[in-house]
Amino acid sequence: MIKRILVTGGAGFLGSHLCERLVKESNYVVCVDNFFTGTRDNVNHLTGDPHFELIRHDIVNPVYLEVDEIYNLACPASPIHYQQNPIKTVKTNVIGVINMLGIAKRAKARILQASTSEVYGDPEEHPQKETYWGRVNPVGIRSCYDEGKRAAECLMMDYRRQNNVNSKIARIFNTYGPRMAIKDGRVVSNFIIQALQGKEITVYGDGSQTRSFCYVDDMVDGLMRMMNTPDDFYGPVNLGNPQEYTILEIAEKIIKMTNSNSKISFHPLPADDPTQRKPDITIASEKIGWKPKISLDDGLVKTIEYFREALKNL
Ligand code: NAD
Ligand code: UDP
């Protein structure tokens with residue numbers, strides 16, 4: 001039987017790749033998006049498919065849909081976007097999540113929440129394991145997102161305990177790839193665009209802070225594996241590539257890979273910017289048989305190629 005799968009935030013970067021994979025695997029996909037950071041262009045190639053439906057809707061408002069599974073990805077992910085209207089970011093992560101859990105409860109659908117490594121804040125434990133409770137500033141400029149996502153995790157667990165909802169939590173670490181928006185503002189897309197345009201590469205702080213970057217196809221694979229785990233496995237589970245780099249290393253690598261003449265310029269570090277981040281993926285590897293397969297270099301080649309084309313069409 002064909003599964004009906006709701007993907008919220010399906011017109012965004014990650015969501016559009018997920019919709020594509022789900023349609024390819026013969027599911028019926030309902031993509032819900034308010035187009036805040038996502039675009040129709042990201043899913044244009046799917047709109048003619050009889051197994052794909054695109055609905056413009058904001059998950060902060062209730063919606064009635066009959067589905068078997070829900071991937072809840074709706075939420076701006078880039079700091080500049082989630083900080084643009086922080087109250088809305090909290091509403092998306094609390095009211096929006098309650099609305100999605102409401103569908104899951106009524107329709108007896110599985111629901112997977114796209115959580116984040118940001119629940120660990122600026123971590124003292126390194127690499128981060130799922131058992132670590134994190135160090136989040138509850139009153140800082142990132143807290144609309146960090147605390148919003150922590151509240152969303154809490155709701156996933158309470159609906160599971162109180163209402164037997166089959167909820168699952170995936171903690172996504174920095175993910176990159178084609179279809180990141182040109183104005184997204186996250187580090188990989190910023191640096192590639194700057195390098196291709198011969199502009200200064202804007203490193204925030206001294207560039208010694210670290211991140212671990214996962215290519216989008218690996219992430220989509222991890223999310224789908226997580227959704228399809230037995231009912232009694234619900235996470236939270238870390239999904240990310242444990243290869244850790246400083247931001248300065250990323251800048252230098254991208255300059256080299258694009259053959260760019262760009263110079264690096266240093267700018268103030270935004271408040272509460274985590275100093276280090278690297279996932280421990282033991283649980284993902286043991287419980288869902290998942291490990292990222294695509295190296296940073298291979299992923300960057302594909303992403304650079306994408307932005308080369310995208311910039312031509314501006
Ligand atoms: P994105 O900004 O490209 O996509 C988010 C999508 O959600 C966009 O299409 C946007 O228009 C939509 N959206 C936002 N608010 C909405 C609302 N209220 N109602 C309906 N649609 C709404 O970001 P992304 O990188 O694709 O991230 C997708 C999800 O994964 C997010 O929940 C994000 O928090 C999570 N995540 C991503 C990363 C990453 O590195 N990409 C890391 C951790 C977590
Ligand atoms: N960053 C940077 N220059 C940029 C964009 C980001 O140096 O143009 C830094 C940012 O300060 C952070 C890291 O890169 O330390 C990752 O930032 P991003 O916004 O991609 O993700 P997050 O901070 O949410 O992990």
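Whatever order the structure lists ligands and atoms in, that order sets their numbers, starting from 1. In what follows, residues are counted from 1 in the order of the sequence shown.
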What atoms in ligand 1 come closer than 4.0 Å to a heavy atom of [X]?
{"X": "N174", "result": "40 (O)"}
{"X": "F36", "result": "11 (O)"}
{"X": "H57", "result": "19 (N), 20 (C)"}
{"X": "G12", "result": "3 (O), 4 (O), 8 (C), 9 (O)"}
{"X": "F35", "result": "11 (O)"}

Whether S262 side chain and I201 backbone form a donor-acceptor pair below 3.5 Å: no
S117 (side chain) donor-acceptor with F173 (main chain) under 3.5 angstrom: no
side-chain hydrogen bond (donor to acceptor under 3.5 Å, both in side chains) against Y120, all qualifying residues, sequence neighbours excluded: R171, N238
Write down the atom of [X], the atom of [Y], and the distance for their closest heavy-atom approach.
{"X": "Q128", "Y": "P123", "value": "NE2-CG, 3.2 Å"}
{"X": "Y71", "Y": "L223", "value": "CE2-O, 3.8 Å"}
{"X": "G240", "Y": "P279", "value": "C-CG, 3.8 Å"}
{"X": "H267", "Y": "T202", "value": "NE2-CG2, 3.6 Å"}
{"X": "G289", "Y": "R225", "value": "O-NH1, 3.1 Å"}

When you measure from [atom] to every protein heavy atom, which one gives the shortest distance, and what is it?
{"atom": "atom 3 (O) of ligand 1", "result": "F13 N, 2.9 Å"}
{"atom": "atom 29 (C) of ligand 1", "result": "L73 O, 3.2 Å"}
{"atom": "atom 8 (C) of ligand 1", "result": "T37 OG1, 3.1 Å"}
{"atom": "atom 13 (N) of ligand 1", "result": "N34 OD1, 3.3 Å"}
{"atom": "atom 11 (O) of ligand 1", "result": "D33 OD1, 2.6 Å"}
{"atom": "atom 18 (N) of ligand 1", "result": "D58 OD1, 2.9 Å"}
{"atom": "atom 19 (N) of ligand 1", "result": "I59 N, 3.0 Å"}
{"atom": "atom 42 (C) of ligand 1", "result": "I172 CG2, 3.5 Å"}

Sequence neighbours excluded, every pair satisfying salt bridge (Lys or Arg N to Asp or Glu O under 4.0 Å) that has a member inside residues 108-128: R110-D231, E118-R142, E118-R277, D122-R135, E124-R135
Residue pairs fulfilling salt bridge (Lys or Arg N to Asp or Glu O under 4.0 Å) with at least one residue in residues 19-41, sequence neighbours excluded: E20-R179, R21-E25, R21-D221
Amino acids contacting ligand 2, non-hydrogen cut-off under 4.0 Å: P79, E118, R142, N174, G185, R186, V187, N190, F191, T202, V203, Y204, Q209, R211, I247, P270, D273, R277
Who gets closest to [atom] by heavy atom: [options]?
{"atom": "atom 44 (C) of ligand 1", "options": "S115, A77, A114, P76", "result": "S115"}
{"atom": "atom 37 (C) of ligand 1", "options": "N99, T175, L14", "result": "L14"}
{"atom": "atom 5 (C) of ligand 1", "options": "C75, G177, G38, G9", "result": "C75"}
{"atom": "atom 32 (O) of ligand 1", "options": "K149, R171, R186", "result": "K149"}

Sub-4.0 Å heavy-atom contact, M180 with ligand 1: no
Does atom [atom1] ([X]) have a neighbourhood of more than 12 heavy atoms from anything else shown, all under 6.0 Å?
{"X": "N261", "atom1": "CG", "answer": "no"}
{"X": "K287", "atom1": "NZ", "answer": "no"}
{"X": "Y234", "atom1": "OH", "answer": "no"}

Donor on one side chain, acceptor on other, Y28 and E53, under 3.5 Å: yes
Which segment of Y145 sits under 4.0 Å of ligand 1 when only heavy atoms are counted: side chain
Side-chain ion pair, R150 and E147, N-O less than 4.0 Å: yes
